Structure formats: C-alpha cells, structure tokens
Amino acid sequence: LLIASDATLKTNASSLTIANAIDNSGVLDLTGGENANDITGEGITSISGGTVTNTGAITQGILSIVSGAALSTNASSLTIANAIDNLGTLTFTGGTNNNDIAGEGALNITGTVTNADDATVEQNGLSIASGAGLTTNANDLIIKEGIQNDGTLTYNGGTNKNTVQGAGNT
C-alpha cells in the first residue's frame, strides 16, 4: 500500500492487512484497532481516535496522538524522525525508546522499558505500573504533573527534578 505525499488515508487499523509494509509519504490517520503492519516512509501517522494496539514497526517522519486517543506499543517498534507528539495516552509495553516525546499527554509504562540517553520525555504525566520498570537518565524526564511510580524507576545518571510518588522503588 502506497500513500502519496499529497494523500490521506483515514481508517481503523484493523481494516488494514498488507502483505508488505505500508509506504506512507502522506498521512495515515488511524481511528482505533490493531495494527500488525510495518509502516515506513517520511509521512505522518496520526492516532486520531480510540485505542490503537501496535505490533508492527513504525518508521515515520512524525507520529502524533491526539487528545482522547491512545497508542499501545513496544517502544522499540517506533523510529520517528521528529519527536512523537503525544496529546493523548502513549503506553510502552517494553523495549527501548530512542525518540523524543513532546506534548501534554501521558506516558504509561507497563513492561520493562529503557529510555535511551538524550531521548527527552516531556509530558504532563508518567506512570509506571506495578511489576513494570523504567530505566532512564533523570535529565531526560520533564514531567509536569509528576511521576506515579508503582513499579521500578531506575536513574542511570542525571539529576531528578520531578515529583515522584507511589509505592514503587526508585
């Protein structure tokens, strides 16, 4: 499936079953569902409604999650040239995040996640679920409303400037 630079495809992710990767140079607007497809190209993938559960690799110029929408994925599945613009809910189920994350959304950690050095996470909220863990440089976290840690938060350097609360270990 080829999405040209001047084109937009708006669909539920579950409606797409593509044998090869989706080559997106335009806008792929997902309204919910499950994405098992690899998405490549210089385009924009937007999560504009509902919850999208991703098991494919997403390599794009821009990834945006609008307010009220959600994306659940392994962090290692995302390679975004520009920062992830998260105004909704982004859930990492595991893996390594190599992307900057900006916006007024929430980042949830439900598995074991490593945030790569210099991958800045600037969000309104960050939560680490019980049994989950996040390893990061403290300087890379700018969390406006504080960190809810019910799992394990490990700093591998830097200075923490965020409020951390919860029953977890830091």
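What you see is a predicted model, and the numbers here were worked out from it, not measured in a lab.
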| message | Quiz question: by atom type and distance under 3.5 Å, do the side chains of Thr136 and Asn115 form a donor-acceptor pair? | response | yes
| Ile147 side chain reached by Gln165 side chain, heavy atoms, under 4.5 Å | no
| note | In Leu71, Asn99, Leu90, the residue satisfying side chain to side chain contact (heavy atoms under 4.5 Å, CB included) with Leu63 is Leu71
| message | Under a 3.5 Å cutoff, is there a donor and acceptor pairing between the side chains of Gln60 and Thr45? | response | yes
| Ser64 OG to Ile44 CD1 distance, which is reported to the nearest 0.5 Å | 7.0 Å
| Matching residue for Ile22 among Asn37, Thr40, Asp38, Ile58 - test: side chain to side chain contact (heavy atoms under 4.5 Å, CB included) | Asn37
| query | Can you name the residues that form a salt bridge (Lys or Arg N to Asp or Glu O under 4.0 Å) with Lys144, not counting sequence neighbours? | reply | Glu122
| message | Looking only at side-chain N and O atoms, does Asn108 offer a donor or acceptor that is under 3.5 Å from a partner on Ser127? | response | yes
| task | Give a yes or no on whether the backbone of Asn137 and the side-chain of Asn156 come within a donor-acceptor separation of less than 3.5 Å. | result | yes
| message | Could you tell me if Asn160 and Tyr155 have a donor-acceptor pair between their side chains, going purely by distance under 3.5 Å? | response | yes
| message | Under a plain distance cut-off of 3.5 Å, with no hydrogens placed, do Ser48 and Asp29 share a side-chain donor-acceptor pair? | response | yes
| message | Checking Thr170 against Asn149: is there a side-chain donor and acceptor pair closer than 3.5 Å? | response | yes
| said: If I take atom CG from residue Leu16 and atom CG from residue Leu9, how far apart are they, to the nearest 0.5 angstrom? | reply: 6.0 Å
| task | Using side chain to side chain contact (heavy atoms under 4.5 Å, CB included) as the criterion, point out the one residue from Leu153, Val164, Ile101, Leu134 that pairs with Leu126. | result | Leu134
| query | When rounded to the nearest 0.5 angstrom, what distance separates CD1 in Ile39 from OG in Ser77? | reply | 10.5 Å
